[in-house]
Amino acid sequence: MYEQVAHSLLNDILNRIKPEICQQDLRHFYTRLGANFYAIHSLFEKLYGERDDFEQQMLSLVETMAKRYIQRSDELRQRDLQREKDHNWFLSQKWVGMALYCKGFADDLPGLRGRLNYFQELGVNLIHVMPIMPCPEGSSDGGYAVSDFQKIDPRIGTLQNLNDLAGEMRQREILLVLDVVVNHTSNRHYWAEQARSGNPVYQDYYYTFTTRSVPDMFEQSMPEIFPENAPGNFTWDEEMGRWVMTVFNDYQWDLNYSNPAVFIEMLNIILFWANQGADILRLDAVAFLWKKIGSTCQNEREAHLILQVLKDCCQVTAPGVLFIAEAIVAPGEVSKYFGEDAVIAKECEIAYNATLMALLWDAVATKNTRLLNQGIRSLPIKLERATWLNYVRCHDDIGLGFDDRDILHADYHPLEHRKFLIDYFTGRFAESHARGLPFGQNHKTGDARISGSLASLVGLEYALELGDERAIDDAIKLILLLHSLIMSFGGIPLLYYGDALGTLNDDSYRDDPEKKGDTRWVHRPAIDWQKAARRNTPGSIEYKIFSALKRMIAVRKEIAVFADFNNRELLDVQNPHLFVFGRYPLHHQQGHVLVVANFNRKPQHLAFDDLGTWKPRHGRPVDLYKGESPDIFNRSLVIPGFSFYWLEVS
Ligand code: OTU
């Protein structure tokens with residue numbers, strides 16, 4: 001859009017931009033800058049327009065974008081151009097991801113490169129390598145307390161190792177996802193060290209206070225994220241002689257985005273990792289980016305504005321790079337991270353579907369889908385050119401982030417139901433086979449989240465201890481049932497490393513003084529590659545899980561309607577143990593696929609007449625996963641216990 005003020009400022013900036021920048025071939029950069037400048041300027045002005053140095057900040061912003069564009073390789077620039085043409089490329093059903101700790105999966109980056117065949121064997125073509133930047137020993141928060149944003153932890157490798165890995169992944173058409181921890185830094189980061197030494201420029205990179213009056217005001221409305229290990233949201237730093245905001249651990253200092261210098265620093269870092277070959281950047285804890293007295297300091301409008309400017313700037317310099325919003329927040333808030341009111345995503349193209357994840361676990365515990373159906377019904381429609389990251393487990397805890405209204409609608413009492421779920425997954429509930437651990441227990445609110453590996457939470461650990469073959473079989477079926485839903489729901493399915501092998505909890509973290517206070521380490525294993533080799537031994541548990549997932553992934557990739565074009569219809573069937581939805585063709589797709597999932601151990605039936613327009617018209621529908629007809633009796637589907645169908649219906 002042409003607008004005089006913005007345009008005259010752009011002309012002024014381009015006249016003042018450093019000569020060494022102007023001599024470069026910036027054709028595509030200028031075209032994109034011109035197209036996006038009005039949005040960038042108006043959003044940046046909303047955030048920082050009242051400052052006297054606003055124009056200087058705008059110049060610094062444009063120079064940052066230009067410098068990173070100049071550094072961007074021709075290969076990555078070519079990729080940008082291809083993706084500008086095929087701008088829905090990431091909505092395809094061809095993508096299947098896996099999140100992993102490099103150290104836990106393959107020791108280091110060269111090791112990870114050496115194991116790329118494993119991903120292709122399974123059919124995974126997107127790898128989220130969790131944070132690899134340097135963190136202080138013993139205060140790393142699993143990589144999320146970064147002390148240098150433009151280096152790699154030497155124990156994991158070098159920038160050259162990463163570039164070699166990224167290059168080989170491109171050749172194999174595997175996407176690389178990297179983390180940028182945008183909300184905070186380690187208290188050992190250069191900026192924090194400068195702030196600690198009294199440098200006011202860097203003290204203004206954080207929220208620091210000489211007295212408790214402002215912190216106490218904030219504490220009135222801010223929840224505690226880590227109530228056990230880091231109660232409260234502020235930490236006293238003796239050397240600095242000031243309180244500093246620390247929403248997460250006390251060694252993670254929250255960045256002050258009301259300071260444009262912080263915004264520009266983080267944009268520079270985002271574009272640095274884009275230039276290292278990341279196809280997608282996972283922006284950590286984006287819900288927390290803007291702090292406001294009297295609020296929870298989550299999901300503030302300015303947090304969305306910050307993401308919109310980051311996205312607009314990244315589209316100028318590296319348009320082929322996507323953002324993942326890591327916002328584990330209330331269901332009604334999550335989809336806003338695609339973009340608040342744009343027709344297409346203008347913040348993050350991808351967001352963690354934490355709502356689906358929590359609802360699936362509810363169905364595992366209750367063996368019914370009342371809350372799952374209600375919660376999905378209430379999920380806001382997602383914007384076009386945006387997609388979910390659908391996952392069952394990740395490196396973090398399971399938060400029971402349902403909406404209380406949905407819990408009530410499902411005929412449960414919110415407080416009691418949450419307590420039941422925590423008791424169920426931590427094995428305190430009598431009939432539970434789950435071996436989860438509580439995380440983040442808040443004795444003031446009774447709230448807690450859950451740690452534990454997928455296999456241990458669904459009862460495989462329990463079943464193996466007892467040598468109970470039936471229970472082992474049930475646990476394996478549940479693992480496959482959960483994966484069948486993240487593969488068919490609509491969005492990119494993200495497996496967690498080890499789950500394809502039935503990896504159990506790893507209690508060794510209890511012997512590590514740096515980890516024993518954080519139960520999330522129970523599900524951050526080191527892969528046992530001897531166990532992994534059993535994936536090729538027919539009859540083994542690893543074989544049963546791995547080969548089924550391998551098939552599921554291969555079949556998913558051939559089902560065009562599994563691409564995510566908001567083409568899903570939830571069916572309200574009478575049976576409360578079933579989760580049923582249809583995927584229908586849009587945008588020259590073909591076929592209709594009915595997904596039917598049974599969360600009860602006992603077989604369930606579903607009358608064709610319950611399926612409305614999805615009723616199989618003639619002949620017998622085919623289950624695309626098994627490649628055969630499902631069990632049908634007298635115009636009713638029979639769904640075996642803990643099983644699913646992907647039915648092709650005409
Ligand atoms: C994220 O976590 C990371 O995924 C966690 O591993 C980090 O500990 C945390 O940020 C701090 O960097 O930010 O959007 O409930 O699931 O804090 C929510 C604990 C987050 C994490 C939650 C989450």
Side-chain angles (χ1 to χ4, degrees), residues 99-101 104 128-133 135-136 139-147 149 177-187 189 222-231 233 235 245-255 266 281-291 296-300 303-304 307 323-331 333-334 336-337 347-348 350-355 357-358 361 389 391 393-401 422 436-442 445 447-452 494 496 509 514-515 517-524:
L100 55 86
Y101 270 113
H128 169 207
V129 184
M130 281 186 285
I132 51 179
M133 299 162 207
C135 298
S139 305
S140 73
D141 185 30
Y144 289 91
V146 176
S147 54
F149 282 103
V177 180
L178 294 176
D179 271 276
V180 181
V181 185
V182 291
N183 179 68
H184 45 268
T185 76
S186 159
N187 64 350
H189 189 282
M222 290 176 77
E224 294 176 306
I225 304 297
F226 294 147
E228 293 165 314
N229 299 337
N233 290 280
T235 300
M245 186 184 279
T246 55
V247 164
F248 296 99
N249 289 295
D250 56 15
Y251 52 78
Q252 291 167 297
W253 289 12
D254 283 68
L255 285 166
M266 200 46 77
L281 293 170
R282 173 193 183 273
L283 304 184
D284 184 65
V286 291
F288 298 79
L289 290 179
W290 193 265
K291 320 301 189 193
T296 62
C297 296
Q298 295 182 45
N299 306 319
E300 290 299 317
H304 290 286
L307 289 170
F323 289 169
I324 295 174
E326 195 266 343
I328 314 302
V329 294
E333 293 295 333
V334 179
K336 290 180 182 174
Y337 287 89
E347 287 181 34
C348 302
I350 306 169
Y352 278 82
N353 199 344
T355 306
M357 181 274 292
W361 283 110
L389 203 55
Y391 66 111
R393 287 299 287 120
C394 71
H395 70 292
D396 273 337
D397 45 291
I398 295 170
L400 304 174
I422 292 161
L437 300 171
F439 173 79
Q441 291 185 92
N442 188 328
T445 63
D447 182 45
R449 288 104 81 185
I450 296 140
S451 291
L494 185 72
Y496 184 58
Y509 78 99
E514 298 169 8
K515 297 178 179 177
D518 184 339
T519 58
R520 290 176 294 171
W521 286 102
V522 79
H523 57 259
R524 297 175 179 177

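This structure is a prediction, so every number in the text was calculated from the model and none was measured. Order of appearance sets the numbers: ligands from 1, and atoms from 1 within every ligand.
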Which of the numbered atoms in ligand 1 are below 4.0 angstrom from a heavy atom of His184?
11 (C), 12 (O)

Subset of ligand 1 atoms that lie under 4.0 Å from at least one heavy atom of Asp141
7 (C), 8 (O), 9 (C), 11 (C), 12 (O)

So, Arg524 and Tyr509: side-chain donor and acceptor under 3.5 Å apart, yes or no?
no

Only counting residues at least two apart or in another chain, list the ones meeting side-chain contact (heavy atoms from CB on, under 4.5 Å) with Met130.
Tyr101, His128, Tyr144, Asp179, His395, Tyr496

Indicate yes or no for a side-chain donor-acceptor contact from Asn229 to the backbone of Gly517 under 3.5 Å, with no hydrogens or angles considered.
yes

Quick one: does ligand 1 sit under 4.0 Å from the side chain of Asp397, the backbone, both or neither, non-hydrogen atoms only?
side chain

Option passing side chain to side chain contact (heavy atoms under 4.5 Å, CB included) with Gln252 (candidates Val247, Thr246, Asp141):
Asp141

Taking only heavy atoms of Phe226, which atoms of ligand 1 are found under 4.0 Å from at least one of them?
8 (O), 19 (C)

Using a strict cut-off of 4.0 Å, indicate which atoms of ligand 1 neighbour a heavy atom of His395.
3 (C), 4 (O), 5 (C), 6 (O)

Per-atom filter on ligand 1: closer than 4.0 angstrom to a heavy atom of Asp284 are 1 (C), 3 (C), 4 (O), 10 (O), 11 (C), 12 (O)

For Arg520, the ligand 1 atoms with a heavy-atom partner under 4.0 Å come out as 5 (C), 6 (O), 7 (C), 8 (O)

With sequence neighbours left out, the residues meeting ring pair (Phe, Tyr, Trp, His ring centres under 6.0 Å) with His189 are Phe149, Trp191

Distance under 4.0 Å to a non-hydrogen atom of Arg449: what atoms of ligand 1 satisfy this?
15 (O), 19 (C)

Per-atom filter on ligand 1: closer than 4.0 angstrom to a heavy atom of Ile225 are 17 (O)

For the ring-ring contact (aromatic ring centres under 6.0 Å, His included) test, which of Tyr251, Phe248, Trp253, Phe288 pairs with His184?
Phe248

Yes or no: does Arg282 have any heavy atom under 4.0 Å from an atom of ligand 1?
yes

N/O of Val181 under 3.5 Å from N/O of ligand 1, yes or no?
no

